[in-house]
Amino acid sequence: MKVAYVQMEPVFLDPEANYSRAEKLIREAADQGAKLVVLPELFDTGYNFRSREEVEEVAGQIPDGPTTEFLVELAKELEVFIVAGTAEKDEKGNLYNSAVLVGPVGWGYIGKYRKIHLFNREKLFFRPGNLGFHVFNIGIAKVGVMICFDWFFPESARTLALKGADVIAHPSNLVMPYAPRAMPIRALENRVYTITANRIGEEFGLRFIGKSTIASPRAEVLAMGSEDKEEVGVVEIDLSLARDKRINEMNDIFKDRRPQYYTL
């Protein structure tokens with residue numbers, strides 16, 4: 001199975017321009033055989049909002065908003081699954097930093113995740129996620145979703161792995177330098193594949209680091225993006241590695257857990 005990250009530079013508060021940019025890159029990944037494509041956090045809007053009014057201007061409902069509808073149509077045409085970050089406005093007007101998962105014909109809109117661990121000024125605009133961590137069975141793989149700063153909390157990836165994820169899709173807008181080094185460790189300690197799709201560029205003094213990363217259950221960096229270019233990374237993954245939690249004949253990382261000793 002081939003998977004991909006899309007690394008792009010969103011245009012601030014211009015969803016239509018970002019749909020066009022994303023479509024070009026998703027098509028490139030699909031042309032290389034990718035069946036699961038991960039886009040950055042807030043790929044359609046930009047990130048460094050200055051007011052709640054700006055977020056409300058571009059946030060949409062899920063699944064009935066324009067971003068989800070765009071992704072569903074593209075996924076159906078290209079016969080791929082897509083995970084993408086977007087600003088969500090629910091029926092009560094609450095705002096969430098969310099991600100959607102969509103798929104080809106027969107799938108369409110599959111589900112969403114709302115970011116649980118908000119970073120810095122996100123707390124001024126978004127509510128913390130309230131749907132928990134969820135693993136989606138898309139037939140070809142079981143995909144868990146977390147967003148950007150969630151990586152900083154080991155419980156995020158561990159929860160998804162314990163729920164059966166083969167792959168963790170990780171839409172991101174990384175500004176700190178640590179995640180490209182840390183994500184292979186998250187992959188190793190949970191014996192899963194991780195796909196971190198980061199953005200590039202700068203918004204109002206905030207610089208994004210690029211370096212989108214696909215890591216294996218053996219902590220191998222299978223693909224890493226540049227710091228400043230829009231691009232895709234496509235790799236073949238072996239899901240049997242993610243489904244085998246043994247590291248030798250005597251040790252299984254899940255069976256060897258001693259959760260009764262992990263309490264405070």
Side-chain angles (χ1 to χ4, degrees), residues 1-5 33-38 41 81 83 99 101 103 110-111 113-117 119 129 131-172 174 176-198 209 211-225 233-264:
M1 171 183 169
K2 286 188 176 181
V3 300
Y5 62 70
K35 292 302 179 186
L36 173 64
V37 182
V38 183
E41 176 184 20
F81 293 90
V83 178
L101 171 61
I110 298 170
Y113 164 71
R114 292 170 172 166
K115 187 175 183 179
I116 288 174
H117 303 102
F119 180 73
L131 301 178
F133 290 105
H134 188 69
V135 174
F136 302 92
N137 187 343
I138 61 171
I140 55 175
K142 293 181 179 179
V143 180
V145 182
M146 63 185 193
I147 298 175
C148 202
F149 192 49
D150 285 330
W151 80 265
F152 212 92
F153 300 83
E155 297 89 346
S156 305
R158 176 49 57 95
T159 300
L160 291 170
L162 288 172
K163 288 187 173 185
D166 304 312
V167 179
I168 294 177
H170 184 213
S172 295
L174 300 165
M176 298 189 294
Y178 314 115
R181 299 196 301 270
M183 289 309 294
I185 302 305
R186 292 285 174 271
L188 173 68
E189 65 196 8
N190 292 292
R191 297 282 291 187
V192 297
Y193 287 93
T194 60
I195 308 170
T196 299
N198 195 29
I209 67 168
K211 292 189 175 181
S212 297
T213 306
I214 301 176
S216 83
R218 295 172 176 163
E220 302 156 313
V221 175
L222 303 178
M224 180 175 284
V234 180
V235 300
E236 183 86 37
I237 65 172
D238 178 1
L239 293 177
S240 68
L241 291 180
R243 294 167 180 170
D244 183 0
K245 303 303 181 182
R246 297 170 298 173
I247 56 175
N248 57 47
E249 291 183 0
M250 303 292 289
N251 292 109
D252 180 299
I253 65 165
F254 284 176
K255 291 179 181 178
D256 285 353
R257 294 177 70 248
R258 306 289 302 281
Q260 67 270 34
Y261 297 112
Y262 303 159
T263 57
L264 297 178

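Sequential numbering from 1 along the given sequence is applied to the chain's residues. Keep in mind the model is a prediction, meaning the values are calculated, not measured. Values below: every heavy atom of this structure, side chains too, minus hydrogens, waters and symmetry copies.
Atom-to-atom distance recorded for L162:CG and N190:CG is 7.5 Å, nearest 0.5 angstrom. How far CZ of F136 is from CD1 of I110: 8.5 Å, rounded to the nearest 0.5 Å. Atom CZ in R243 sits 9.5 Å away from atom CG in D238 (nearest 0.5 Å). In this structure, CG in L174 is found 8.0 Å from CE in M176, a value given to the nearest 0.5 Å. With rounding to the nearest 0.5 angstrom, the CD atom of E220 is 10.0 Å from the CG atom of L188. A distance of 12.5 Å separates CZ of R191 from CG of D166, quoted to the nearest 0.5 Å.
Within the 4.5 Å cutoff, no side-chain heavy atoms of K163 are placed close to those of H134. Residues F133 and I116 have side chains in contact (heavy-atom distance under 4.5 Å, counting atoms from C-beta outward). Contact of the S172 side chain with the T196 side chain is registered, since non-hydrogen atoms from C-beta on lie closer than 4.5 Å. By the 4.5 Å heavy-atom criterion applied to side chains, K35 and K2 are not counted as neighbours. You'll find the side chain of P171 reaches within 4.5 Å of the side chain of V83, heavy atoms only. In this structure the side chain of I214 never reaches within 4.5 angstrom of the side chain of T194, judged on heavy atoms. The shortest distance between side-chain heavy atoms of P180 and I209 falls below 4.5 Å. Counting heavy atoms from C-beta outward, M1 and L36 have side chains that approach closer than 4.5 Å.
Here the closest non-hydrogen pair linking G225 and Y5 is N-OH, 3.0 Å. When all heavy atoms of A165 and V192 are compared, the closest pair comes out as O-CG1, 3.3 Å.
Between E189 and R186 there is a salt bridge, since a side-chain N of the basic residue sits under 4.0 Å from a carboxylate O of the acidic one.
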What donor-acceptor contacts under 3.5 angstrom involve side-chain atoms of residues 137-153, with partners at least two apart or in another chain?
| unit_1 | atom_1 | unit_2 | atom_2 | d |
| --- | --- | --- | --- | --- |
| N137 | OD1 | G139 | N | 2.9 |
| D150 | OD1 | H117 | N | 3.1 |
| D150 | OD1 | H117 | ND1 | 2.7 |
| D150 | OD2 | Y113 | OH | 2.6 |
| D150 | OD2 | I147 | N | 2.9 |

Side-chain donor-acceptor pairs under 3.5 Å in residues 253-264, sequence neighbours left out?
| unit_1 | atom_1 | unit_2 | atom_2 | d |
| --- | --- | --- | --- | --- |
| D256 | OD2 | N251 | ND2 | 2.7 |
| D256 | OD2 | D252 | N | 3.3 |
| Y262 | OH | R258 | N | 2.9 |

>> Between V235 and V3, does the side-chain contact (heavy atoms from CB on, under 4.5 Å) criterion hold? Intermediate values first, please.
In response: CA-CA 6 Å; V235 300; V3 300; 4.0 Å; yes
> Would V221 and T213 satisfy side-chain contact (heavy atoms from CB on, under 4.5 Å), going step by step from the backbone distance to the final call?
Replying inline: CA-CA 7 Å; V221 175; T213 306; 4.2 Å; yes
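Remark: E155 engages no residue in a salt bridge (Lys or Arg N to Asp or Glu O under 4.0 Å) (not counting sequence neighbours).
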